[in-house]
**Student:** 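What follows is a structure written as C-alpha cells; I'll ask about it next.
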There are 2 protein chains.
Amino acid sequence: MSNSSYSQFCPVAMAAEILSPRWTLVLLGEMLSGSTRFNEIRRGVPRMSPALLSKRLKELEVAGVVERIGSNADFPEYHLTERGRELRPIIMSIGAWAQKWIDTDVAMEKLDAQLLMWNMRRNLNPDPMPRRRTVVQFIYPELPPREKHWWLIVEPGQDVDLCSIDPAHDVDLYITTNLKTMTKAWMGHTSLSKEVADGAILLTGDPVLSRSITQWIGSSSLACAYVGPRA
Amino acid sequence: MSNSSYSQFCPVAMAAEILSPRWTLVLLGEMLSGSTRFNEIRRGVPRMSPALLSKRLKELEVAGVVERIGSNADFPEYHLTERGRELRPIIMSIGAWAQKWIDTDVAMEKLDAQLLMWNMRRNLNPDPMPRRRTVVQFIYPELPPREKHWWLIVEPGQDVDLCSIDPAHDVDLYITTNLKTMTKAWMGHTSLSKEVADGAILLTGDPVLSRSITQWIGSSSLACAYVGPRA
DNA sequence: CGGGATCCGTAAAGATACTG
DNA sequence: CAGTATCTTTACGGATCCCG
C-alpha cells in the first residue's frame with residue numbers, strides 16, 4: 001500500500017492515503033458517533049463487508065488513528081486515538097458541505113429503515129422520559145412487512161433496545177409516518193414539530209411523551225452541525 | 001458508480017462518494033492551487049495517469065464540483081465551481097491535520113524534485129524581484145544528472161518559466177542545497193532563513209536577490225495554514 | 001504540444017459462506 | 001461476538017496510440 005501510494009510530499013496527499021480508501025470516511029464517522037465494537041460498527045455501516053471492515057480497522061491502527069483495546073480475554077474494542085479524534089471537525093465540515101450542496105432528493109433515494117432506527121436508538125436521550133420502562137413503536141406503512149414495525153425500548157439505567165419483531169410489551173407511544181419524512185426530520189432537513197403539525201408524522205398514545213418528543217428523540221449527531229445547537 | 005455507492009443517507013457518506021475515489025483529494029488540492037489546464041494539472045499530480053485524470057474530471061463535473069470552460073475552438077479549462085471552492089477549508093484542514101500528525105520523516109521519503117520545482121514555479125512571487133529578467137538556478141548535488149539542475153526564469157509581465165536543461169542565460173542567483181532541506185523549507189517544516197544561516201542552503205550571486213529571497217520564493221499554498229500568514 | 005482514448009495486467013472491493 | 005475464506009467483479013496503473 002505504501003508502495004502504491006500517491007508518492008507526494010504534499011500533506012493533503014499523505015492524509016488522503018489514510019482517509020481516501022473506500023468506506024474509510026464513513027467508518028470514521030461511525031466511530032466518531034461512538035461505536036466501539038466490531039459488530040456495533042457493522043450495524044452503523046451495514047453495507048461494508050466484515051472482511052473490509054477488519055482490514056480498514058487494521059490500516060487505521062497502523063496509521064495511529066484507531067487503537068484496539070482489550071487484547072486479553074474479552075472482546076476487543078476499537079477507539080479513536082487523539083489523532084483520530086482530531087479528525088472530528090474535518091468529518092463534521094465534510095458533512096456540513098454535503099448537507100449544503102448535495103441534492104436532498106438524491107440523498108433521500110438511499111433510505112434505509114434499519115440504519116435510521118439504529119442511529120435513532122443510539123442518539124435517543126432517555127433523560128426527559130418517564131422513570132419507568134417506555135416503549136415507542138414506529139410504523140412505516142409503506143414498507144414491506146419486515147421493515148414496517150420497529151420498537152425502541154427504554155429502561156432506566158439500561159441501554160436503549162431496538163427490535164424489529166414485536167417484543168410484546170405495552171406500547172406507550174406509536175409513531176406513524178413514512179421513512180422519508182422520518183429520515184428528513186432526523187437529519188435536520190425538516191423540523192419534527194412541523195411534520196407533526198402537518199400530519200406527516202402521526203403520534204398516538206401517551207400525550208406527555210408525545211409533547212416531549214423533541215426532547216428525547218435526538219437527531220443525527222451531524223445535524224447539530226447544520227441546523228443548530230444540540231450538544 | 002451511483003450503483004456501487006455507499007447507499008447511506010448520511011451526508012458524510014454522500015460526500016465520501018465524491019471525495020474518496022483515489023486521487024480525488026489530491027486533484028482537488030491541485031485545482032485549489034490554481035491549475036486549470038489538463039496538462040498543467042498533470043504536472044501537479046504527476047503520478048496520476050491521464051486516463052484517470054480525465055475520468056475524475058468528468059466525475060467531478062457531474063458532481064457539480066468542477067466545470068469545463070471553453071468547449072469551443074480553444075482548449076478547455078477546468079475550474080472549480082462555488083461548490084468546489086467551498087471545499088477549500090476542508091482540504092486545508094486535512095492538510096493541517098496531516099502536517100500535525102503524520103511523521104515528517106515518513107513524509108520526506110517521498111521527495112520529488114520535479115514536483116517541488118513545479119510547485120515553486122507556481123508559487124513564486126515576482127513582485128519583489130528586479131524589473132528585469134532574473135534567472136535562479138537550483139543545484140541539488142546529491143541527485144542524478146537529470147534532476148540535479150533546475151532554472152527558474154522570471155521575466156516581468158510573463159509567467160515564470162521552469163527548465164531542467166540549461167537555458168544558457170546568465171544566472172543571477174545560485175541555490176545549492178539538498179532536496180530534503182529545500183522541500184522541508186518550502187513546506188514550512190523549517191525556516192528558510194534558518195537553513196541559510198545554518199549553511200544547509202547556500203546562496204551565491206546577487207546579494208540583493210539573496211537577501212530578499214523570503215519575499216519572492218513563496219511557499220506551499222498549504223504551508224500558510226500551518227505556520228503563519230502568507231496570503 | 002494539449003487532450004485525451006484504448007488495451008491489458010494487477011490490485012482492491014463486493015457477495016456469501018463459514019468458523020473459533 | 002468477532003472475525004476468515006473464497007470467489008467474482010470492478011477499479012486502478014502503465015503503456016501505447018490517436019487526433020487537431
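These numbers come from the heavy atoms of this one structure, side chains and all, not from hydrogens, waters or symmetry mates. Just so it is clear: chains get the letters A, B, ... in the order the sequence lines come, proteins before strands, and each one is counted from 1.
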**Student:** Under 3.5 Å, is there a donor-acceptor pair linking the side chains of B/Trp97 and A/Glu86?
**Tutor:** no
**Student:** Send over the distance from A/Leu52 CG to D/dA11 C1', rounded to a whole Å.
**Tutor:**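 Value for this atom pair: 14 Å.
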**Student:** What are the two closest non-hydrogen atoms of B/Ser220 and B/Asn123, and how far apart are they?
**Tutor:** C-ND2, 4.0 Å
**Student:** Under the criterion side-chain contact (heavy atoms from CB on, under 4.5 Å), which of B/Gln158, B/Arg133, B/Gln137, B/Arg121 is the partner of B/Ile153?
**Tutor:**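 So, applying the side-chain contact (heavy atoms from CB on, under 4.5 Å) to B/Ile153 and each of B/Gln158, B/Arg133, B/Gln137, B/Arg121, only B/Arg133 qualifies.
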**Student:** Looking at side-chain heavy atoms only, is the closest gap between A/Leu179 and A/Leu143 below 4.5 Å?
**Tutor:**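 Yes, their side chains come closer than 4.5 Å.
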**Student:** Taking the basic N atoms (NZ, or NE/NH1/NH2) and the acidic carboxylate oxygens, is any pair closer than 4.0 Å for B/Glu30 and B/Arg43?
**Tutor:**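 A salt bridge is absent here (no side-chain N lies under 4.0 Å from a carboxylate O).
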**Student:** Identify the two heavy atoms, one from A/Arg68 and one from A/Pro76, that lie closest to each other, and give their separation to 0.1 Å.
**Tutor:**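 In terms of heavy atoms, the two residues are closest at CG-CB, 3.8 Å.
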**Student:** Parallel, tilted or perpendicular: which describes the rings of B/Phe38 and B/Tyr78, with under 30° parallel and over 60° perpendicular?
**Tutor:** tilted
**Student:** Write down the distance between CG (A/Leu25) and C1' (C/dA13), rounded to a whole number of angstrom.
**Tutor:**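 Rounding to the nearest Å, CG of A/Leu25 and C1' of C/dA13 are 16 Å apart.
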**Student:** Between B/Thr134 and B/Leu152, is any pair of side-chain heavy atoms under 4.5 Å apart?
**Tutor:**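 Not touching, per the 4.5 Å side-chain cut-off.
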**Student:** N/O contacts under 3.5 Å, protein versus nucleotides 5-10 of chain C?
**Tutor:**
unit_1 : atom_1 : unit_2  : atom_2 : d
C/dA5  : OP1    : B/Lys58 : NZ     : 3.1
C/dA5  : OP2    : B/Ser54 : OG     : 3.3
C/dA5  : OP2    : B/Lys58 : NZ     : 3.3

**Student:** Bend across the helix from C/dC1-D/dG20 to C/dG20-D/dC1, to 10°, with axes taken over 5 pairs at each end?
**Tutor:**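 Computed angle between terminal axes is 30°.
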**Student:** In whole angstroms, how far is the C1' atom of C/dG14 from the CE atom of A/Met48?
**Tutor:**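 Those two atoms, CE and C1', are 11 Å apart.
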**Student:** Please produce a list of atom pairs where a protein N or O lies less than 3.5 Å from an N or O of nucleotides 1-3 of chain C.
**Tutor:**
unit_1 : atom_1 : unit_2  : atom_2 : d
C/dG2  : OP2    : B/Asn39 : ND2    : 3.1
C/dG3  : OP1    : B/Arg37 : NE     : 3.2
C/dG3  : OP1    : B/Arg37 : NH2    : 3.3
C/dG3  : OP1    : B/Pro76 : O      : 3.3
C/dG3  : OP2    : B/Phe38 : N      : 3.0
C/dG3  : OP2    : B/Asn39 : N      : 3.3

**Student:** Is it true that the side chains of B/Ser35 and B/Arg122 contain a donor and an acceptor less than 3.5 Å apart?
**Tutor:** yes
**Student:** Please report the shortest heavy-atom distance between A/Leu19 and A/Thr24, naming the atom on each side.
**Tutor:** O-CB, 3.6 Å
**Student:** Let me know the distance between CZ of A/Arg56 and P of D/dG3, rounded to the nearest Å.
**Tutor:**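 Going from A/Arg56 (CZ) to D/dG3 (P), I get 16 Å.
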**Student:** Taking CD from A/Gln8 and P from D/dG13, how many angstroms apart are they, rounded to a whole number?
**Tutor:** 12 Å
**Student:** Using whole Å, what does the distance between atom C1' of nucleotide D/dA11 and atom CH2 of A/Trp23 come to?
**Tutor:**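 Whole-Å distance recorded here is 16 Å.
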**Student:** How close or far is atom C1' of C/dA11 from atom CZ of B/Arg22, stated in whole angstroms?
**Tutor:** 10 Å
**Student:** State, to 0.1 Å, how close A/Gln8 and A/Met14 come at their nearest heavy-atom pair, and which atoms those are.
**Tutor:** O-CG, 3.7 Å
